[in-house]
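Counting starts at 1 for both ligands and their atoms, following the listed order. Side chains included, hydrogens not; waters and symmetry mates left out as well; all remaining heavy atoms used.
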Amino acid sequence: MPVVAGGLMQNVVKPLRVVAGMPMYNEEETIGTVVTKVLRHVDQVICVDDGSSDSSARIAESCGAIVHRHRVNRGYGGALKSLFAAAIEMDAEILVLLDSDGQHRPEDIPNMIAPLFDDEADLVIGSRFTGDGGHTDMPLHRKLGIKVITAASNLSSDMGISDTQSGFRAFSRVAMEKLRFGSEGMELSLEMLEDAHEKNLRIKEIPVVVRYDVPKSSNFTAISHGFTILAYALMTLSQKKPLLVLGLPGLGLFATSAAMAMQLVSGFTEQVDLIIGPGLTSIWIGILGLALMATGLVLQSARNFIRHLLVREFGLN
Ligand SMILES: Nc1nc2c(ncn2[C@@H]2O[C@H](COP(=O)(O)OP(=O)(O)O)[C@@H](O)[C@H]2O)c(=O)[nH]1
Ligand SMILES: [Mg+2]
């Protein structure tokens with residue numbers, strides 16, 4: 001954009017301060033309004049269209065967004081990867097992600113990015129469950145799903161985040177460059193938070209209201225959505241705390257087996273035949289318990305060893 005500098009008109013490109021990134025998949029009913037409203041608060045809007053079969057891309061462009069097209073559907077995670085790459089390439093200082101279906105209110109953007117401008121945080125999450133945050137008529141099963149997923153993920157990382165499933169997020173340049181994620185689907189929402197936590201990025205939650213009174217609030221069925229993310233949360237938990245996930249049930253099994261064996265031994269002299277079956281059961285439960293505990297221990301020490309090695313050799317943590 002031409003600006004006047006030192007009395008001379010120069011062609012100096014104004015650095016982009018805030019870019020909004022919107023994953024978009026068949027959202028023609030809402031995308032136009034959302035792009036128009038978002039452009040009031042940011043310098044540029046990029047939409048990543050993942051092979052929508054409707055007019056989303058055309059409408060977004062005509063309302064002033066840059067549309068980045070994937071020829072094949074690469075999922076929500078794939079769209080976010082493209083958005084991060086585009087924002088870095090455009091030299092944006094701040095990237096704010098929000099949905100194209102109208103669930104996130106563009107007027108919340110200034111609150112979302114303020115902590116980044118004030119250098120109070122590297123990653124800001126718009127939360128439905130903190131302060132004045134909320135939602136309009138969120139289906140009960142969704143609410144329950146979010147609570148379970150949030151509890152499972154806080155167990156593995158103790159991040160203390162109230163809304164791990166919010167897609168309304170804002171990132172500083174540092175966060176954009178540091179965060180790495182591999183997931184293609186919605187489980188990316190968790191992976192990214194865990195990565196931010198491990199890299200000691202400063203995370204802040206800001207209350208927002210998420211709307212459920214929009215034409216199409218979700219592309220996913222609650223069951224597939226919930227289970228994919230929950231499976232991811234549990235897998236991470238078993239990778240991060242193998243001793244807890246394997247060792248604890250192992251100890252439980254071993255204790256059960258020991259209790260059964262003791263009971264059997266006390267009746268041994270009376271009914272030898274009757275105790276062979278339960279005796280064998282108690283033995284295999286005991287072996288399973290021991291095996292689980294041993295695996296938990298080995299994985300935990302392998303994990304600790306690798307972490308120490310990374311910190312010592314490469315200064316990573
Ligand atoms: N690019 C892209 N965007 C997607 C895809 N799936 C969902 N989205 C967009 O991501 C945002 C969130 O998706 P949505 O289905 O509303 O998820 P939910 O509200 O969390 O259940 C919306 O703006 C969708 O248009 C996808 O496969 N690719
Ligand atoms: Mg939605």
Side-chain angles (χ1 to χ4, degrees), residues 20-38 45-61 63 65-87 95-106 108-109 125-129 134-150 163-169 181 183-193 208-230 232-233:
M22 303 184 16
M24 177 174 80
Y25 189 62
N26 290 339
E27 305 287 7
E28 65 182 0
E29 284 182 81
T30 44
I31 190 69
T33 322
V34 180
V35 168
T36 309
K37 287 188 180 169
V38 170
V45 174
I46 318 169
C47 295
V48 173
D49 181 34
D50 245 354
S52 293
S53 53
D54 66 3
S55 316
S56 300
R58 193 178 46 76
I59 299 173
E61 258 165 358
C63 290
I66 297 176
V67 177
H68 186 98
R69 290 178 175 82
H70 286 171
R71 266 183 294 174
V72 287
N73 186 290
R74 286 172 38 197
Y76 180 80
L80 258 51
K81 277 181 211 158
S82 296
L83 286 170
F84 270 65
L95 168 67
V96 52
L97 296 178
L98 74 164
D99 290 355
S100 330
D101 56 6
Q103 285 197 276
H104 300 140
R105 297 185 311 186
D108 285 331
I109 292 178
I125 300 167
S127 170
R128 290 161 275 198
F129 308 114
H135 47 81
T136 57
D137 293 332
M138 190 194 308
L140 198 64
H141 56 267
R142 280 227 156 216
K143 204 167 176 176
L144 193 71
I146 294 173
K147 293 280 176 196
V148 172
I149 290 163
T150 300
D163 197 345
T164 55
Q165 295 309 295
S166 168
F168 202 175
R169 294 179 179 183
F181 35 84
S183 310
E184 297 279 296
M186 279 282 182
E187 63 275 24
L188 171 94
S189 51
L190 268 189
E191 185 188 0
M192 186 197 282
L193 294 184
V208 295
V209 173
V210 175
R211 296 181 52 181
Y212 284 82
D213 54 350
V214 293
K216 188 184 70 169
S217 73
S218 186
N219 280 290
F220 305 92
T221 65
I223 304 258
S224 76
H225 196 171
F227 277 108
T228 320
I229 301 171
L230 190 60
Y232 179 85

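- With respect to Arg58 and Glu28, no salt bridge is recorded, no charged nitrogen being found less than 4.0 Å from a carboxylate O.
- Of the protein's heavy atoms, His225 CE1, 3.6 Å lies nearest to atom 20 (O) of ligand 1.
- Using a 4.0 Å cut-off to heavy atoms of Ala79, the atoms of ligand 1 that qualify are 1 (N), 2 (C).
- The distance from ligand 1 to the heavy atoms of Asp50 drops below 4.0 Å at these ligand atoms: 1 (N), 2 (C), 26 (C), 27 (O), 28 (N).
- For Arg142, the closest heavy-atom approach to ligand 1 falls below 4.0 Å.
- Here the closest heavy-atom approach between residue Arg69 and residue Ala57 is recorded as NH2-CB, 3.5 Å.
- Dense packing is recorded around NZ of Lys216, with more than 12 heavy atoms of other residues, nucleotides or ligands lying under 6.0 Å away.
- By the 30° and 60° cut-offs, the orientation of the rings of His135 relative to Tyr212 is perpendicular.
- Among protein heavy atoms, the minimum distance from atom 16 (O) of ligand 1 is reached at Asp101 OD2, 2.6 Å.
- Residue side and main chain included, Asp101 places an N/O/S atom under 2.8 Å of the Mg ion (ligand 2).
- For Glu27, every heavy-atom contact with ligand 1 shorter than 4.0 Å involves the side chain, none the backbone.
- Between Gln103 atom OE1 and Ser217 atom O, the angle centred on the Mg ion (ligand 2) amounts to 80° (nearest 10°).
- Taking every non-hydrogen atom of Val48 and a distance limit under 4.0 Å, the qualifying atoms of ligand 1 come out as 1 (N).
- Looking at ligand 1, you won't find any N or O of Asp49 less than 3.5 Å from one of its N or O atoms.
- Remark: distances from the non-hydrogen atoms of Gly167 to ligand 1 are all 4.0 Å or more.
- For the residue pair Arg169/Ser189, the side-chain donor-acceptor check at 3.5 Å is not satisfied.
- Among protein heavy atoms, the minimum distance from atom 10 (O) of ligand 1 is reached at Tyr76 CD1, 3.4 Å.
- In terms of protein heavy atoms, atom 4 (C) of ligand 1 is closest to Tyr25 CB, 3.6 Å.
- Residue Asn73 holds its CG atom at 9.5 Å from CD of Glu184, rounded to the nearest 0.5 Å.
- Protein heavy atom closest to atom 15 (O) of ligand 1, with residue, atom name and distance, is Asn219 N, 2.6 Å.
- If you check which protein heavy atom lies closest to atom 18 (P) of ligand 1, you get Ser218 OG, 3.7 Å.
- Rounding to the nearest 0.5 Å places CG of Leu80 at 11.0 Å from CD of Glu191.
- Cation-pi contact between Lys143 and Phe129: absent, since separation from the ring centre below 6.0 Å together with deviation from the ring axis within 45° is not met.
- Looking only at distances, a side-chain donor or acceptor of Thr30 sits under 3.5 Å from a matching main-chain atom of Ser100.
- By the criterion of a heavy-atom distance under 4.0 Å, neither the backbone nor the side chain of Met22 is placed next to ligand 1.
- Where the criterion is an N or O separation shorter than 3.5 Å, residue side chain and backbone included, Pro23 meets it with respect to ligand 1.
- Using a 4.5 Å heavy-atom cutoff, the side chains of Val35 and Met22 are in contact.
- The single protein non-hydrogen atom nearest to atom 23 (O) of ligand 1 is Ser100 N, 2.7 Å, given as residue, atom name and distance.
- Few gaps surround CG on Asp213; more than 12 heavy atoms of other groups in view lie less than 6.0 Å from it.
- For the residue pair Ser127 and Ser166, no side-chain donor N or O sits within less than 3.5 Å of a side-chain acceptor on the partner.
- Atoms of ligand 1 found under 4.0 Å from any heavy atom of Asn73, numbered from 1 in the order shown, are 27 (O).
- With hydrogens left out, the protein atom closest to atom 3 (N) of ligand 1 is Met24 N, 3.3 Å, a heavy atom.
- Ring centroids of Phe181 and Phe84 are separated by less than 6.0 Å, placing the two rings close together.
- In Asn26, neither the side chain nor the backbone holds a heavy atom less than 4.0 Å from any atom of ligand 1.
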